[in-house]
Every structure is written in C-alpha cells, then in structure tokens.
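Please read the structure below before turning to the comments.
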Amino acid sequence: MEGDGSDPEPPDAGEDSKSENGENAPIYCICRKPDINCFMIGCDNCNEWFHGDCIRITEKMAKAIREWYCRECREKDPKLEIRYRHKKSRERDGNERDGSEPRDEGGGRKRPVPDPDLQRRAGSGTGVGAMLARGSASPHKSSPQPLVATPSQHHQQQQQIKRSARMCGECEACRRTEDCGHCDFCRDMKKFGGPNKIRQKCRLRQCQLRARESYKYFPSSLSPVTPSESLPRPRRPLPSQQQPQPSQKLGRLREDEGAVASSAVKEPPEATATPEPLSDEDLPLDPDLYQDFCAGAFDDHGLPWMSDTEESPFLDPALRKRAVKVKHVKRREKKSEKKKEERYKRHRQKQKHKDKWKHPERADAKDPASLPQCLGPGCVRPAQPSSKYCSDDCGMKLAANRIYEILPQRIQQWQQSPCIAEEHGKKLLERIRREQQSARTRLQEMERRFHELEAIILRAKQQAVREDEESNEGDSDDTDLQIFCVSCGHPINPRVALRHMERCYAKYESQTSFGSMYPTRIEGATRLFCDVYNPQSKTYCKRLQVLCPEHSRDPKVPADEVCGCPLVRDVFELTGDFCRLPKRQCNRHYCWEKLRRAEVDLERVRVWYKLDELFEQERNVRTAMTNRAGLLALMLHQTIQHDPLTTDLRSSADR
Amino acid sequence: MATKESGDARAQLALSSSASQSKEVPENPNYALRCTLVGHTEAVSSVKFSPNGEWLASSSADRLIIIWGAYDGKYEKTLYGHNLEISDVAWSSDSSRLVSASDDKTLKLWDVRSGKCLKTLKGHSNYVFCCNFNPPSNLIISGSFDETVKIWEVKTGKCLKTLSAHSDPVSAVHFNCSGSLIVSGSYDGLCRIWDAASGQCLKTLVDDDNPPVSFVRFSPNGKYILTATLDNTLKLWDYSRGRCLKTYTGHKNEKYCIFANFSVTGGKWIVSGSEDNLVYIWNLQTKEIVQKLQGHTDVVISAACHPTENLIASAALENDKTIKLWISNH
C-alpha cells in the first residue's frame with residue numbers, strides 16, 4: 001500500500017500507534033516522526049505507515065507493489081509476502097476499484113494532507129480477513145487488493161484511468177476495461193485475430209466526450225451498443241454524441257460532463273428494474289446490454305406508442321446547446337439521458353431481432369405460456385418461437401384474408417384515376433411502332449438494292465472481253481512518280497499501287513480480330529457478317545462478310561474475266577455501258593463488286609441496328625407496363641387521392 | 001370528400017389576416033393537399049423530383065427507394081439493395097439514373113428503368129449522408145459522417161477526389177448550375193465553397209455565431225446559397241461577397257437536417273419542412289411566411305419542388321411515413 005498522506009489516527013493496535021507526543025500529532029514509521037509530507041507506504045498487516053526514504057522504497061517501486069508488509073510483520077509472520085502487480089492488471093485494478101468504491105471528490109495525488117473524513121480504515125476488520133474478502137470481490141485474474149484505501153491512494157487509483165487528450169476518464173466508455181471483441185476495431189486487433197491495420201480502441205471504449213466522432217459511432221451491423229453511444233436516426237437527427245464536443249472545447253463545462261457521466265451511471269440500474277425471462281442465446285458480453293434487452297425484448301418498434309419522437313427534441317438540442325446555455329442544459333440532461341436510453345434500447349432490439357433471425361437454430365428456452373398468440377384468424381394456439389404464427393396454414397390463411405379484404409379497394413383506388421405513366425407508355429409504344437415500320441420499309445429498300453446489285457454484277461460477268469486502248473494508257477504519265485504504300489510504307493509503282501495497297505491492307509488487318517460472342521441470327525438476311533468462329537477468343541467475326549480480310553481471300557482472277565463495271569458519265573449517270581477490260585488489267589474499277597456489295601451491306605446492317613434498338617425500347621416499355629399495379633405493388637403501397645375530380649396534377653397546358 | 005385540407009383553409013385565413021402585399025406577385029401560393037403516398041414502412045428521409053418532371057423518388061429508413069409517378073402519385077417501382085438506412089437520393093440530369101447515400105457507408109448508382117444497381121461506390125468510412133450529381137451527370141459528390149466530401153466518377157465508380165472538408169459530419173453537398181463549384185455544409189457551422197475541378201476551397205461562409213449547418217444549396221441561377229442552420233433559421237447568402245442577404249424564420253429546425261428548396265415555377269418562394277409537422281413557404285423577397293401546409297403527423301424532413309409544375313412533395317418521419325403532394329392552383 002502506498003499513499004502520500006495517512007490517517008490521523010491509526011485505529012488498530014499498530015506497533016507504535018499510541019501517540020504520546022506532546023502536540024498530539026500522530027507519529028509514524030521506524031523513525032517515529034509525525035512528518036507526513038513525503039511519500040509513505042503502509043503495511044497491510046499492522047497498518048503502520050512508513051516513510052519511503054526511511055525504508056528505502058521509492059514511489060516508483062511502490063507503484064509496482066500490490067501488497068506490502070513491514071519488516072517486523074514479515075519477520076513475525078513468514079506467510080506474509082510482498083506481492084507485486086502485473087503490469088496490465090495495475091490499470092485494471094485501478095479501474096475496478098474506482099467502480100466499487102465511492103468516489104472521492106477531493107483533489108489529486110499531490111495532496112499531502114490526509115482527509116479526516118475517510119472512514120474506510122475504520123470499517124475494515126483485521127488486516128488479513130478484510131483483504132481476503134476484498135480479494136474475492138475482485139476478478140480472479142488479479143490478486144487481492146490492498147485492504148485500505150486512503151484518499152491519496154484512491155486518487156492514485158483514480159489516475160490509473162487515463163485522462164488524455166482523447167479520454168476524459170469519467171464516462172462509461174472510459175471506464176470499460178475489456179474490449180467487446182465484436183466491433184470493427186476489436187476485430188482488427190491482433191488479439192482478436194485481426195490484421196492490426198486500423199489500430200483503434202474498441203468502439204465501446206471510445207470516450208463519449210473526447211474521442212473522434214467517427215470512432216464513436218457504432219456500426220449497427222455489429223453487436224449491440226452501450227447506452228452511451230448512438231446511431232443517427234433515420235434522416236439525420238443531430239446525434240447526441242455531437243453535443244459534448246463543443247462543450248469540451250470550451251472547457252468550462254466540467255460540471256456538465258459530470259452530470260452526463262453520473263446520469264449515465266444511473267441509467268443501467270433503471271433498466272434493470274424490469275427483468276424478463278430470456279433465453280441464453282441473447283446474452284451479450286456486457287451485463288448492461290443484457291439488462292437493457294430484457295427491458296424491451298418483444299417490443300414492436302412500429303407501434304406509435306413506442307415512439308418518443310415528440311419528446312426527443314428536448315434531448316438533443318439541450319445537449320447540443322451545451323456550449324451556449326450551460327444552465328438550462330444541466331436540468332434537462334437527466335431526462336434526456338433517459339430518453340436516449342429508450343431510443344438505444346429500441347435500436348438494439350432491432351439489431352437483436354435481426355441477429356435472432358440470423359441464428360434460428362439456437363435453442364429457445366421459453367416456456368409456452370410466455371409466447372405470443374398466433375396471428376392466424378381464429379387461432380388460439382401459441383406462435384412458434386421465431387414466427388408470428390403457429391403453423392404455415394395460419395400464416396397463409398391470414399395472408400389470403402388480407403388479400404381478399406384489401407386488394408379490391410386498392411384496385412378500385414388505382415383505377416379511380418388514370419395512370420399517367422401508362423399513358424406515356426402507350427404514347428411511347430406508338431412512336432416506337434411507327435419507327436419500326438419506317439425501319440422495315442428502309443430494310444426492304446435495301447434488300448431491293450441488294451438484289452439489283454447482284455443482277456448488275458451477274459450481267460457484267462457475261463460481257464465479252466475487249467482490249468481498249470484508251471483506258472489502258474490513262475495512267476501512263478504517273479509511272480515516274482513514286483507512291484508510298486499507306487500500310488507498309490514502301491515505295492511502289494503507281495500502276496500496281498492499288499492492288500498492292502489492297503493486299504497490304506488485308507495483310508495487316510487480318511492480324512487483328514473483331515468479333516462478338518454471339519453468332520448472327522437474323523432471319524431474312526442473306527449475307528451480312530462474316531461470323532467465322534475464332535476458337536482462341538471464342539468469338540464470331542463481325543466484319544462484313546464481303547470485306548473481311550481475315551476470312552475471305554479474293555478469288556484468283558482468271559485471265560479472260562472481264563471487269564464489267566457499269567460505266568458512268570459525270571459520276572452519277574449510268575451510260576449503260578460496261579467496262580470491257582480484263583479484270584486483271586483494269587485499274588480504275590479495281591474490286592468494284594466488293595465495294596458496292598459492302599456499301600449495300602453496310603446500309604442494311606445499320607437498319608438492322610436501328611430495328612434492334614427499337615425492339616429493346618419496346619421491350620422496356622412493355623415490361624414497365626406489365627409490372628405496374630401488380631399484386632405486391634398494390635398491397636404494399638397506396639395513393640390516396642384527396643380530390644377525386646382532378647387527379648391529374650399537370651397543368652392543362654401540358655395535357 | 002373534402003377537396004381541401006382544413007389546415008390549408010386555416011392557413012389562408014391566417015394569411016388574409018396578416019399584412020397583405022400589393023404586388024402582381026401572387027400573395028398566396030395557395031397550395032392544397034392532393035395526394036398522400038403510402039408505402040414506406042419506416043421514416044422517409046428524402047424526396048426528389050426527376051428533372052424531366054415525370055417521377056418522384058423517395059428514400060427511406062427501410063432501405064428502399066420507391067419511384068412514384070409525379071403527376072398522379074401512383075407507385076411505379078422499388079429499388080432494393082442497400083443494407084442500411086438510406087439518407088439521401090439524387091437524380092441525374094437525364095432522369096435515367098439515381099444515386100443513393102446510405103448508412104452502410106456506400107453509395108449506389110441505379111438505373112431507374114431497369115431497377116438495377118449499376119455501381120456501388122465504396123470508400124467512405126462512416127455513414128454517407130448526402131449526395132448529388134453534377135449537371136453533366138458524369139460526377140457524383142457525397143458528404144459523410146467521416147467529415148469528408150468525396151467526388152466520384154460515374155462511369156467507373158471510382159473516387160476521384162477526397163476533400164477533407166470539415167471537422168464534423170458533412171450535412172449537405174451541392175453543385176452549382178454550371179458544375180464548376182461545390183458547396184458543402186457541416187455540423188461544425190461552416191459552409192465552404194470549393195472549386196470542382198481542383199478541389200481547392202475557395203471560400204468559407206461564417207456568420208457571428210456558427211450553429212450547425214444542416215442544409216446548403218445553390219440557387220437555380222448559381223449566384224446565391226441557401227443555408228439552413230439548426231437554430232430555426234434559413235439564410236440566403238451572396239457568396240461572392242460573403243454576405244447574408246435574407247433570413248427566413250418562423251419554423252422549427254433544431255435537430256434534423258431538413259431540406260429546403262427554391263420554388264420558381266409560380267411565384268418565387270422558399271419551401272422548407274419543419275419539426276412542427278408543417279411545410280413552410282416564404283416569399284423569397286419579403287421573407288414573410290406566405291403559407292404553412294398542414295397534414296403531416298411528424299417532422300417534415302424533406303420538401304421538393306417540381307421542375308415545371310406548381311407541385312410540392314413533402315415527406316415526414318416515422319410517425320407518419322407518408323409523402324404528400326400539394327398543388328397550387330395558379
């Protein structure tokens with residue numbers, strides 16, 4: 001035991017307790033002096049106080065001591081040993097002792113003057129017996145506590161709850177000693193098997209006053225919350241956690257913090273007032289939470305009488321305005337803490353309810369008498385443990401009844417006013433139909449052109465070959481110039497330039513693939529896409545079939561094949577004549593069939609794409625129209641028209 | 001069947017007894033209750049009209065977003081997917097997408113027509129509180145309880161920028177009409193304006209006192225900012241000069257982050273919900289309360305104005321759970 005001060009009168013028969021001093025000042029230690037202005041340590045057996053200097057024990061050493069006996073006592077009784085504290089347990093012991101002993105409102109550890117009001121020592125029995133009693137009270141992990149607490153020692157214990165920038169040391173969270181193990185911060189800790197990336201204190205141990213906001217809030221997907229933390233209500237009320245912050249910054253509101261802390265301490269006992277039999281499955285780690293849950297285990301949070309929203313406005317503005325209106329706030333805080341309690345209870349019940357549903361296999365130890373009644377029509381049997389009904393039949397009957405009762409009037413309600421979305425849908429469908437029509441006509445047009453082209457090409461093939469002078473020499477003056485191939489960059493003879501570039505392009509282009517996963521399945525289309533399957537990429541080639549350099553090689557041109565390209569005058573007017581040059585020689589109309597075919601095919605493809613788009617749109621609109629006003633939609637939602645005459649809310653200009 | 005709510009009649013009476021104004025501007029917007037939309041099973045947190053005026057999206061604590069027809073109030077569809085309560089929802093400019101901000105620390109991007117969730121934006125470390133699209137709708141901005149504002153790209157779903165905007169939860173974020181500026185408001189009492197491209201803070205609006213800011217928004221022309229603070233006040237600021245031009249009071253707002261809006265389809269009004277279960281409408285210029293819409297039985301958390309019609313949609317918390325559509329007979 002250690003302490004700075006000491007009791008004025010040692011009650012027990014210590015070795016030197018009788019003060020024969022003239023001044024009546026008590027004397028201590030082996031030096032028999034009344035000096036108490038230095039560090040002193042007390043023997044747990046004889047309760048005599050000794051100066052640290054005299055027995056050569058420093059304050060620091062004493063911190064590590066749990067039980068200390070003076071030399072004389074040790075010599076007399078060999079069983080007495082000096083016990084030291086485990087590093088971690090020192091703090092914990094400090095915390096626990098605070099909880100169990102009445103708080104001392106006095107000053108800090110520096111005060112040498114002992115507090116004459118302290119009666120603890122008087123209350124204790126003999127040294128050993130009381131010590132053992134104390135020992136049993138504390139958790140078995142730590143060794144029994146020293147018997148007597150002096151004010152200074154108590155202060156020291158108090159200080160073992162840290163007061164740091166982020167801990168006030170006085171709120172529920174600061175006083176917690178164990179990590180919950182379930183919150184996200186705990187699960188990140190090494191001791192709970194986490195990667196230690198977040199490295200924050202347990203959520204339940206984040207100081208209510210001083211911790212960062214974002215560390216305080218308890219994710220509701222995890223285990224239950226202590227009364228001191230809050231979840232924001234739907235749509236953002238100012239959570240009560242906010243309010244302590246401004247006050248803390250001002251620093252002049254110590255009494256408010258105290259009020260909060262004390263009322264927070266008061267709340268759990270209130271909650272224990274209504275115990276209920278509950279199954280073991282729901283037992284949380286923290287006894288406080290258990291009691292809270294007991295208090296409201298079966299509440300339906302949807303019922304209006306459970307709502308305390310009309311009272312809650314008192315809660316948060318009061319606390320929030322702490323910074324500004326100190327006096328008003330203090331009065332209200334006690335009530336507001338209680339309201340907070342109730343709200344958190346409900347929230348926790350919701351989570352508990354969710355948890356319950358997630359673990360239906362847990363055995364339920366409720367007796368039938370306490371189970372609610374089945375909600376089936378005319379049924380008096382108790383409901384199944386995790387259900388509202390005694391059996392499936394009851395549930396089905398109730399559902400059927402509901403539908404019979406409610407559905408007709410909902411349908412009537414729906415039909416009472418015209419559905420504007422339906423009207424829009426119908427208009428859209430009309431428009432889509434029209435567009436589809438036009439697309440189809442265009443398609444037919446394309447098909448016609450396609451056939452025309454084929455006919456032309458066929459006819460052209462049947463022409464006879466004729467060598468013509470004129471067309472041959474048209475390009476001769478270009479032979480001096482060098483043309484560079486676009487694809488490979490080599491210089492080439494202009495006369496063969498076209499063919500070379502064509503082949504060059506095909507060579508490069510055939511190295512890349514261009515395809516999709518699905519083969520083309522369009523009825524009525526003769527030739528559009530290449531659709532050659534590529535096993536490596538598992539795609540079908542989606543180039544135009546006539547143009548695909550990868551999969552269709554230009555057939556070798558026989559020597560006597562005629563070019564056959566229809567000749568034009570002024571670009572657009574057909575003369576009716578055909579080019580008679582052999583295909584091999586004709587440079588002007590190189591690959592003309594391929595190009596023309598490709599042109600037509602491209603147009604057709606475009607029209608098909610447009611049709612596809614329109615089909616998609618139509619499908620969407622139809623789905624929306626069919627899914628509207630379904631059974632579930634009608635049963636779950638309702639639109640009450642207050643003015644049956646004018647149900648369309650658009651102004652007349654738009655209609 | 002009553003054609004007008006009795007509350008509205010009372011409001012009209014109140015208006016006629018107060019000082020009348022002799023301007024061409026209609027004195028009384030004369031909104032009347034037209035529809036009540038029932039369907040949410042928990043408190044509704046936000047309602048927004050689509051930019052094309054056809055739909056009304058509502059988000060709620062029951063983790064659902066419900067789309068209603070704006071003109072007839074009929075139920076259209078429900079979007080499922082969030083794990084926790086949803087705090088806010090916002091439309092893209094082409095009315096085809098929605099973004100929702102939820103307590104499960106994510107935002108979800110939805111395709112309205114198919115009802116599917118296109119992307120889930122993860123990155124916030126605490127509840128996401130508010131969200132908005134920028135006018136070109138290629139960016140999403142979100143404010144969260146983790147005191148940051150994040151800018152996300154719609155196409156990829158990645159977070160482009162994180163602005164360490166405030167020292168307290170961010171309660172509202174909004175783009176201006178051109179998409180170049182961002183305004184953010186927070187419980188720390190500050191209202192900050194940021195450059196959207198660089199993420200630099202351009203200005204901080206402070207007044208004498210700094211009560212928590214519960215809502216901010218740019219005016220439709222982008223010149224003014226409307227802020228709501230938790231001391232029952234709405235203020236209109238000229239942010240380039242940093243001066244408060246107008247103050248609107250009379251309602252109750254001390255706890256919740258209640259939406260406020262500019263109504264520009266008829267007369268120029270400021271519309272806001274209130275904690276005394278009424279919807280308040282002020283004349284923007286004269287700052288007088290021109291109408292109080294009665295009908296809800298709980299705090300009116302959100303009030304939205306239709307882009308083209310004189311329609312107001314209001315939503316209330318868990319004691320009420322309904323959305324009410326009010327129409328003005330201009």
Side-chain angles (χ1 to χ4, degrees), chain A residues 212-215 217 219-221 231-239 242 245-246 301-302 304 307 309-310 312-313 315-317 320-321 324 414 417-424 620-621 623-624 627-629 632-634 636-651 654, chain B residues 1-3 5 32-39 41-46 54 60-61 66 68-77 83-85 87 103-104 113-114 125-127 129 145-147 168-169 171 187 212 230 254-257 275 298-299 301-302 309-311 317-319 325 327:
Chain A
R212 282 183 78 102
E213 288 309 310
S214 43
Y215 293 159
Y217 294 107
S220 52
S221 56
L231 290 171
R233 299 296 286 162
R235 211 6 149 129
R236 346 165 176 186
L238 195 54
Q242 300 300 325
Q245 261 198 345
H301 48 264
S307 153
T309 44
E310 55 272 2
S312 43
L315 154 66
D316 290 321
R320 182 189 49 76
K321 282 188 181 163
V324 180
W414 181 272
S417 57
C419 180
I420 300 189
E422 284 278 325
E423 288 172 21
H424 280 170
N620 285 333
V621 176
T623 336
N627 291 343
R628 209 165 277 144
L632 272 185
L634 284 177
L636 292 175
H637 311 91
Q638 197 186 14
T639 304
I640 304 169
Q641 302 278 359
H642 298 277
D643 182 5
L645 301 171
T646 48
T647 54
D648 189 347
L649 297 175
R650 292 174 295 184
S651 53
D654 290 342
Chain B
M1 256 182 250
T3 53
E5 290 290 282
L33 177 62
R34 195 47 61 81
C35 295
T36 302
L37 313 184
V38 183
T41 51
E42 283 184 50
V44 188
S45 56
S46 165
E54 279 189 39
S60 159
I66 298 187
W68 313 82
Y71 296 120
D72 51 9
K74 290 198 195 285
Y75 166 82
E76 180 68 20
K77 64 160 62 122
N83 298 323
L84 286 178
E85 294 86 341
S87 288
D103 286 359
D104 61 5
R113 216 189 40 209
S114 63
S125 52
N126 209 329
Y127 312 122
F129 202 53
F145 264 71
D146 63 6
E147 302 161 15
D168 268 325
S171 55
Y187 287 169
L230 290 178
E254 284 169 358
K255 189 174 175 215
Y256 293 96
C257 292
E275 286 162 13
D298 200 353
V299 170
I301 193 85
S302 177
E309 301 285 333
N310 291 326
L311 265 185
L317 293 187
E318 57 258 9
N319 200 23
L325 287 176
I327 192 162

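By convention in this document, chain letters (A, B, ...) are assigned in the order of the sequence lines, proteins followed by strands, and residues within each chain are numbered from 1. All figures in this text were calculated on a predicted structure; none of them were measured in a lab.
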Using atom types as modelled and distance alone, determine if a side-chain donor or acceptor of A:Gln638 lies under 3.5 Å from a backbone N or O of B:Thr36. no
Is there side-chain contact between A:Thr639 and B:Asp72, with heavy atoms separated by less than 4.5 Å? no
Region of B:Leu311 in contact with chain A, defined by heavy-atom distances below 4.5 Å: side chain
Check each atom of A:Leu636 against the heavy atoms of chain B and say whether the ones under 4.5 Å are side chain, backbone, both or neither. backbone
At what distance, to the nearest 0.5 angstrom, does CZ of B:Arg113 lie from OG1 of A:Thr623? 9.0 Å
Under a 4.5 Å cut-off applied to non-hydrogen side-chain atoms, are B:Trp68 and A:His637 in contact? yes
Mind listing the closest non-hydrogen atom pair of B:Tyr75 and A:Trp414 along with its distance? O-CH2, 3.6 Å
Using a strict cut-off of less than 4.0 Å between a Lys/Arg side-chain nitrogen and an Asp/Glu carboxylate oxygen, indicate whether B:Lys74 and A:Glu422 qualify as a salt bridge. no
So which of A:Pro418, A:Ala624, A:Cys419 has the biggest tally of heavy-atom pairs under 4.5 Å with chain B? A:Cys419
Atom OH in B:Tyr71, atom NE2 in A:His424: separation rounded to 0.5 Å? 6.5 Å
